[in-house]
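Structure first, then comments.
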Amino acid sequence: MDFAWSDEQMQLREAVKSFARDELNEGLCERDKRGEFNREGWHKCAKFGIHGLPVPADYGGMGADPLTTVGVLENLGYGCKDNGLLFSINAHMWTVEIPLLDFGSEPQKRKYLPDLCNGTLIGGNAMTEPGSGSDAYSLRTTAERRGDRYVLNGSKTFVSNGNVADLVVVYATLNRSAGPNGICGFLVEKGYPGFKVGRPLEKMGLRTSPMAELFFDDCEVPAENRLGREGAGQSLFTHSMNWERACILSNSVGAMQRLLEMSIRYARDRKQFGQAIGKFQLVSSKIVDMKMRVDQAQAALYRTAWLQTKGRNVYLEAALAKLTISENWVRCAENAIQIHGGYGYMVEAEVERELRDALGSRLYSGTSEIQRVLVASLLGL
Amino acid sequence: MTDQSATMSVIKDYILEEFLPGEDPGQLTPSTPLVSTGILDSLAILKLIAFLEREFDIPIKAHEADEEHLNTLQAICALVDSKRSLVR
Ligand SMILES: Cc1cc2nc3c(=O)[nH]c(=O)nc-3n(C[C@H](O)[C@H](O)[C@H](O)COP(=O)(O)OP(=O)(O)OC[C@H]3O[C@@H](n4cnc5c(N)ncnc54)[C@H](O)[C@@H]3O)c2cc1C
């Protein structure tokens, strides 16, 4: 395994760091309070090339390999404190662009990918329903073929970007008795008849990433907007989740590094009992733990991306990377608060927000429990 | 044994051991449906793909991890063979 960055990769990583620091953080505390999406930041990131990182140049992207992609996203997360904005971008990349790229027909790719890459279109992914979360394939939203279209009926919840999305990958069943093999993905545009956006959902963290319920009431989807074969929804969703688990927490590794550096600075500056608190071993050991967790997370991220670059399935590695990074992100954020004492608990110190943002990572793209179930099973248990 | 029957026997042994423990091997024929009957559920499909990639040193594409390509021993062997002929 070789994780040495080339000069070109280094330049890109440095450029994204300063871009993120300079362009994406202003007004974040207020946006977080209001639960407001940074649309301007969305477009700036698209212009920088973030949205199209893994998409071939032919479809308007940068055509970067997985390792380069996660390296750039990691540095984006280091520079940009708006974890919600980055979460929205990731949802758009891994659950819309990638499924389109790998399962879409040529006309579908030509129609949607360039605008997804340049940020004109915002993408979302609608799998979860009120009655089906971890057991995603027990979904109840139906699709029925009627002539040259499919008619969708049902509802979805927890859809990231749901209320700002122009294009949503919606999973529905064509035949409930076929179980997971009856499921199919559809590219649903926001203007299709029968498509309704429900109330926005207010979250604990990642508050700058919009989320909503979606309703399909005899929603008409042209047949050419079916994504993949009829009944291929399971492999489509598996693929999408695999990429998401492997890459969605790239930013978090950067965020963890930022928290580590912030905590080191604070532990050196803050004096109690006549000395820097970092001199107390109970404080410094927390920082050592943070460093260990950042390194573990980074190793899991790079290893998975490296294997993906080699073109192999990474079911096991992606689940492990998701589990390792999310759990370590939460612990790092907890330590950062503890090291900052009462100040860390205050909103203005911008540490507590990191913990609120981190906690969601144990839930989306499959909970930590589900990652453990997956890993255990892949280990032959 | 031909290449093909050797492949089938390796895959059959794996499926019997992992997903049909205690089952009479005679019941698992080349045309026994595996995905549509739920013998291979979503987790089992991931395990099978990981096994095929490792065992035969072949890459399997995302869209091939489905009922069409994995529903029977026959279909799985055809998939493996098509990949091996590309590798050779
Ligand atoms: C920030 C955020 C963004 C999201 N974005 C999207 C999105 O864009 N699109 C979308 O479709 N969904 C999205 N989701 C939904 C997410 O995928 C689900 O919340 C998740 O899959 C869990 O489902 P659930 O909430 O219904 O919990 P449940 O499945 O009801 O789980 C409840 C608890 O039971 C545990 N549990 C369940 N099954 C098992 C098991 N077999 N073994 C052990 N423990 C188990 C879980 O781990 C959890 O602790 C998002 C969620 C969050 C928090």
Side-chain angles (χ1 to χ4, degrees), chain A residues 98-105 134-139 174-175 177-185 227-243 245-246 307-319 366 370-381, chain B residues 10-23 31-76 78-80 82-88:
Chain A
I98 289 290
L100 236 176
L101 189 62
D102 294 330
F103 283 73
S105 65
S134 301
D135 185 12
Y137 297 125
S138 65
L139 61 82
L174 288 155
N175 175 8
S177 64
N181 304 308
I183 294 171
C184 190
L227 186 55
R229 277 188 317 100
E230 280 200 354
Q234 182 176 203
S235 49
L236 177 69
F237 187 66
T238 299
H239 185 55
S240 174
M241 281 301 104
N242 205 33
W243 272 91
R245 286 170 188 152
L307 285 166
Q308 278 184 307
T309 302
K310 299 280 153 212
R312 284 301 161 99
N313 284 318
V314 287
Y315 301 134
L316 177 70
E317 293 77 9
I370 292 300
Q371 306 308 327
R372 287 192 157 91
V373 168
L374 248 168
V375 171
S377 172
L378 288 164
L379 289 176
L381 299 170
Chain B
V10 169
I11 299 171
K12 182 173 172 172
D13 286 351
Y14 176 76
I15 291 178
L16 282 169
E17 192 184 323
E18 284 292 325
F19 312 119
L20 292 168
E23 186 65 55
S31 58
T32 306
L34 298 168
V35 179
S36 57
T37 49
I39 294 172
L40 294 181
D41 62 12
S42 56
L43 257 180
I45 289 177
L46 300 192
K47 287 174 87 166
L48 177 65
I49 298 280
F51 168 77
L52 296 175
E53 287 201 340
R54 205 173 48 238
E55 183 70 25
F56 301 106
D57 196 21
I58 49 168
I60 292 180
K61 294 217 160 22
H63 69 86
E64 293 162 339
D66 66 1
E67 186 179 353
E68 183 177 310
H69 297 88
L70 304 175
N71 201 31
T72 61
L73 269 174
Q74 226 160 19
I76 300 169
L79 177 67
V80 170
S82 68
K83 301 279 164 183
R84 283 165 132 187
S85 59
L86 288 178
V87 173
R88 272 182 202 137

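Since the structure is predicted, the reported quantities are computational estimates derived from the model, not experimental observations.
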Most chain B-contacting option - heavy-atom pairs closer than 4.5 Å, from A:L316, A:N313, A:L378: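 Counting heavy-atom pairs under 4.5 Å, the top option is A:N313.
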Is it the side chain or the backbone of A:S377 that comes within 4.5 Å of chain B heavy atoms, both, or neither?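 Interface part for A:S377: both.
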Can you tell me which portion of A:F237 sits under 4.5 Å from chain B's heavy atoms? Options are side chain, backbone, both or neither.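 Nothing of A:F237, per the 4.5 Å heavy-atom cut-off to chain B.
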Please confirm whether the backbone N or O of A:A318 pairs with a side-chain atom of A:N242, one donor and one acceptor, at under 3.5 Å?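 Judged by distance alone, no pair lies under 3.5 Å.
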For B:Y14 and B:L52: C-alpha separation, side-chain torsions, deciding distance, then whether side chain to side chain contact (heavy atoms under 4.5 Å, CB included) applies. CA-CA 10 Å; B:Y14 176 76; B:L52 296 175; over 6 Å; no
Residues A:R312, B:D57: salt bridge by 4.0 Å N-O rule: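 Result for this pair is yes, salt bridge flagged.
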Would you call the rings of A:H239 and A:F103 parallel, tilted or perpendicular if under 30° counts as parallel and over 60° as perpendicular?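 The rings of A:H239 and A:F103 sit tilted, inter-plane angle from 30° to 60°.
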Give, as side chain, backbone, both or neither, the part of B:E68 having an atom under 4.5 angstrom from any heavy atom of chain A.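 Both parts, backbone and side chain.
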